[in-house]
Asks: 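A single structure is presented below for examination.
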2 protein chains.
Amino acid sequence: MTKPITAKNAAKQDFMPLMRELVRAYQAFASYDARLHRESGFGLTVSQADVIFTLGNTDGLTCSEIGERTLITKGTLTGVIDRLVKKGLVKRSRMNHDARCVQVSLTAKGEKVFGEAFPLQVEALGARFERLDPDVRKQAQATLAALRAIF
Amino acid sequence: MTKPITAKNAAKQDFMPLMRELVRAYQAFASYDARLHRESGFGLTVSQADVIFTLGNTDGLTCSEIGERTLITKGTLTGVIDRLVKKGLVKRSRMNHDARCVQVSLTAKGEKVFGEAFPLQVEALGARFERLDPDVRKQAQATLAALRAIF
DNA sequence: TGACATTTGTTCGTATTAGAACTATTATTT
DNA sequence: AAATAATAGTTCTAATACGAACAAATGTCA
C-alpha cells in the first residue's frame, strides 16, 4: 500500500534528489561550456559552435542531420545557420537529387575557425573530465545511458 | 607523452561519449518534463511551473532565493514572475527590513494550481524514475554529484 | 558621517528555444 | 497519372536565456 502523492509530500519523493542532480550536473557543464566559448574570442554562441563543430571533418550535412546530432530543433536551426551564413562561416546549397534538402557546409573561413576553436574547446573540457578516474567516467557514461533510456 | 589535440583527433577524445550522454540524458528528461507541462492543461511553461513549485509550501521567497533554487538567472526571472503575476498566480511585495528585496509568494489561485499540478507532475516523473532499480538510482545520484563537482 | 563597495532587482539587446502553420518537393497509393 | 501522404526547411509567435548596464538600497570602512 503506497501512499498517494500530495502537494505536501511530493517534494519528498525518493527520486527528487536524483532529478535535481541531473539538472545541476548538466547546468554546471553547460555554464562552463558557455563561458569557454564566450571567453575564447571566436564570437560563437554555444549553438553556433555546436553546428560548426558538427560540420567539421565533414563534406557537409543537411539541416535534419545537423539537428539530429546537435539536438537543435529545425525551427531554431534555421536561425542559427542564418547567423553563421551572415558571419561567412557556413554556406547553404540545394541538393540536386532532392531539392527539399539543404546541404550546409563550412566555408574556408569556417574551416579555419573549426580548426582553431575545436581543439581548444576539447582541450579545456577534457581537462575537467579528466579530474574523474577513468573507471568513474565509464560508470558515469553507463549510468547516464540508463537514465536517458527511461524517458 | 600525450598526443596534442588537433581538429582531426579532438572528436575521438576519451571523454566525448560521456559528455554526449550527459547532454542527451538531460535533454531526454527536459523534453519529457516539458511535454508533461504542455499536456497537463495548466498552461504553465517549464520555468513558470518551476517557480510555482518552488514557492509551494513556503511563506514566500525573494527573487534571489528563487533563482538559487531554480537556476533561473535573475534577468530571466523578472520576466517569468511578470507573467505569473499577470496570470494571478503570484504576487510581489517589498520587504520592510530590506527594501531591495522583493518577496514573491503564491496567491490563493497560485496555491490551488500548485496543489493540483505539483502532485501530478511528480507522479508522472516518478513513474519514469522508478523504472530504475533503487540501487541504480543511488548510484546515478552519486555519479551526477561527482560530475557536477568537476565544473 | 562620508566615500565606496555590495547586493537586489529591473531593463535592455541579442540569441536561442519549442511548437505550429506553411511551402515546396518527393514518395506512395489508388 | 491523379490524389494523397510524407519529408525538409522556412516562417511565425511566445517565452526563455544570459550578460551587461543600471538604479535603489544597504553594508563597510576610513
Side-chain angles (χ1 to χ4, degrees), chain A residues 23 26-40 42-52 60-68 70-87 89-104, chain B residues 23 26-40 42-52 60-68 70-87 89-104:
Chain A
V23 174
Y26 172 78
Q27 259 279 351
F29 160 75
S31 294
Y32 183 63
D33 187 44
R35 185 159 68 85
L36 284 177
H37 281 303
R38 217 168 31 250
E39 296 175 352
S40 73
F42 289 101
L44 296 174
T45 66
V46 172
S47 297
Q48 288 170 6
D50 213 355
V51 171
I52 295 288
L61 299 170
T62 66
C63 286
S64 54
E65 287 171 331
I66 296 173
E68 281 169 24
T70 61
L71 303 182
I72 298 175
T73 304
K74 61 183 182 178
T76 303
L77 198 54
T78 297
V80 174
I81 292 176
D82 280 349
R83 283 177 282 276
L84 287 174
V85 168
K86 194 173 295 180
K87 289 183 183 181
L89 300 176
V90 141
K91 63 177 184 289
R92 273 191 256 242
S93 53
R94 284 282 166 194
M95 300 200 72
N96 300 332
H97 65 287
D98 191 339
R100 288 171 302 184
C101 300
V102 172
Q103 183 88 354
V104 182
Chain B
V23 173
Y26 172 79
Q27 259 280 351
F29 159 76
S31 294
Y32 182 64
D33 187 46
R35 185 158 69 82
L36 285 177
H37 281 302
R38 218 168 29 249
E39 296 175 352
S40 72
F42 289 100
L44 295 175
T45 66
V46 172
S47 297
Q48 289 170 6
D50 214 355
V51 170
I52 294 289
L61 299 171
T62 65
C63 287
S64 56
E65 287 171 332
I66 297 173
E68 280 169 24
T70 62
L71 302 183
I72 298 175
T73 303
K74 60 181 181 179
T76 303
L77 199 53
T78 297
V80 174
I81 293 176
D82 280 350
R83 283 177 282 276
L84 286 175
V85 169
K86 195 174 295 179
K87 289 182 182 181
L89 301 176
V90 140
K91 63 177 185 290
R92 274 189 254 240
S93 54
R94 282 282 165 196
M95 301 199 72
N96 300 332
H97 66 284
D98 192 339
R100 289 171 301 183
C101 299
V102 172
Q103 183 88 353
V104 182

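Letters A, B, ... mirror the listed sequences (proteins, then strands); counts begin at 1.
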Asks: What's the closest nucleotide to the side chain of A:A99 if the choices are C:dT8, C:dA15, C:dT25?
Replies: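 Looking only at heavy atoms from C-beta outward on A:A99, the closest nucleotide is C:dT25.
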
Asks: Main chain of B:G43, side chain of B:K87: is a donor-acceptor contact present, judged purely on distance under 3.5 Å?
Replies: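 Present.
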
Asks: Could you check which of C:dT10, C:dT26, C:dA18 has an atom nearest any side-chain atom of A:T76?
Replies: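 Of all the options, the side chain of A:T76 is nearest to C:dA18.
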
Asks: Please give, in whole Å, the distance from C:dT17 C1' to B:Q48 CD?
Replies: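 Roughly 15 Å, once rounded to whole Å.
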
Asks: Rounded to the nearest angstrom, tell me the gap between atom CZ in A:R100 and atom C1' in C:dA27.
Replies: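 Atom CZ in A:R100 sits about 7 Å away from atom C1' in C:dA27.
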
Asks: Closest-nucleotide mapping onto DNA chain D: is A:S31 or A:Q103 further toward the 5' terminus? I mean the 5' end.
Replies: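 Checking each residue's closest nucleotide, the 5'-ward one belongs to A:Q103.
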
Asks: With rounding to the nearest 0.5 Å, note down the distance linking CG in A:D50 to CD1 in A:I66.
Replies: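 So the CG of A:D50 and the CD1 of A:I66 are separated by 10.0 Å.
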
Asks: Does a donor on one side chain and an acceptor on the other come within less than 3.5 Å for B:S64 and B:T62?
Replies: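 Result is yes, a qualifying pair exists.
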
Asks: Across the strands shown, which category fits A:V46 at heavy-atom distances under 4.0 angstrom: base, sugar-phosphate, nothing?
Replies: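 A:V46: no heavy atom of the nucleic acid under 4.0 Å.
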
Asks: Would you compute the distance between atom CG of B:L89 and atom CD of B:Q48 and round it to the nearest 0.5 angstrom?
Replies: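 Answer for the CG-CD pair, B:L89 versus B:Q48, is 8.0 Å.
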
Asks: What's the CZ-C1' distance between A:R83 and C:dT16, to the nearest Å?
Replies: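 Whole-Å distance recorded here is 7 Å.
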
Asks: Mind checking the CD-CG spacing from A:Q103 to A:N96? Nearest 0.5 Å is all I need.
Replies: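 If I round to the nearest 0.5 Å, the distance is 10.0 Å.
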
Asks: Take A:G79 and A:N96, find for each the nucleotide of DNA chain C with the closest heavy atom, and name the residue whose nucleotide sits nearer the 5' end.
Replies: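 Whichever sits nearer the 5' end wins; that is A:G79.
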
Asks: Rounded to whole Å, please give me the gap between NE2 in A:H37 and C1' in C:dT16.
Replies: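 About 14 Å, once rounded to whole Å.
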
Asks: Identify, between B:T78 and A:M95, the residue whose nearest nucleotide on DNA chain C lies closer to the 5' end.
Replies: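 Comparing both residues, the 5'-ward one is B:T78.
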
Asks: Mind calculating the distance between CG (A:L77) and P (C:dA15) to the nearest angstrom?
Replies: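 Whole-Å distance recorded here is 16 Å.
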
Asks: Grab the CG-P distance between A:D50 and C:dT16 for me, whole Å please.
Replies: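 It is 11 Å, rounded to the nearest whole Å.
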
Asks: Is a side-chain N or O of B:R92 found less than 3.5 angstrom from the main chain of B:V104, in a donor-acceptor match?
Replies: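 Here the side-chain-to-backbone pair does not exist.
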
Asks: How would you label the contact of B:Q27 with the nucleic acid (heavy atoms, under 4.0 Å): base, sugar-phosphate, or nothing?
Replies: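 Contact class for B:Q27: sugar-phosphate only.
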
Asks: Ignoring hydrogens and angles, tell me if any N or O in the side chain of B:T73 forms a donor-acceptor pair with the backbone of B:T76 under 3.5 Å.
Replies: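 Side chain of B:T73 to backbone of B:T76, a donor-acceptor pair under 3.5 Å: no, none is there.
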
Asks: To check you understand the geometry: which heavy-atom pair defines the closest contact between A:G67 and A:L77, and what is its length?
Replies: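 Shortest heavy-atom contact: N-CD2, 3.8 Å.
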
Asks: Starting at the 5' end of DNA chain D and moving along, which residue's nearest nucleotide shows up first, A:C101 or B:G75?
Replies: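 Upstream on the strand: A:C101.
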
Asks: Roughly how many Å is it from CD in B:E68 to C1' in C:dT8, rounded to a whole number?
Replies: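 Taking atom C1' of C:dT8 as the reference, CD of B:E68 is at 12 Å.
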
Asks: Anything under 4.0 Å to a heavy atom of chain B counts; send over the first and last such nucleotide of DNA chain D, read 5' to 3'.
Replies: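 Range of nucleotides touched by chain B: D:dA15 to D:dT26.
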
Asks: Touch check for A:R94, heavy atoms < 4.0 angstrom, all strands: base, sugar-phosphate only, or nothing?
Replies: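 It contacts nothing in the nucleic acid.
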
Asks: How long is the line joining NE2 of A:H97 and C1' of C:dT26, in whole Å?
Replies: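 Interatomic distance, NE2 of A:H97 to C1' of C:dT26: 11 Å.
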
Asks: Using a 4.0 Å heavy-atom cut-off across all strands, classify A:R35 as base, sugar-phosphate, or nothing.
Replies: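 The residue A:R35 makes no contact with any strand.
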
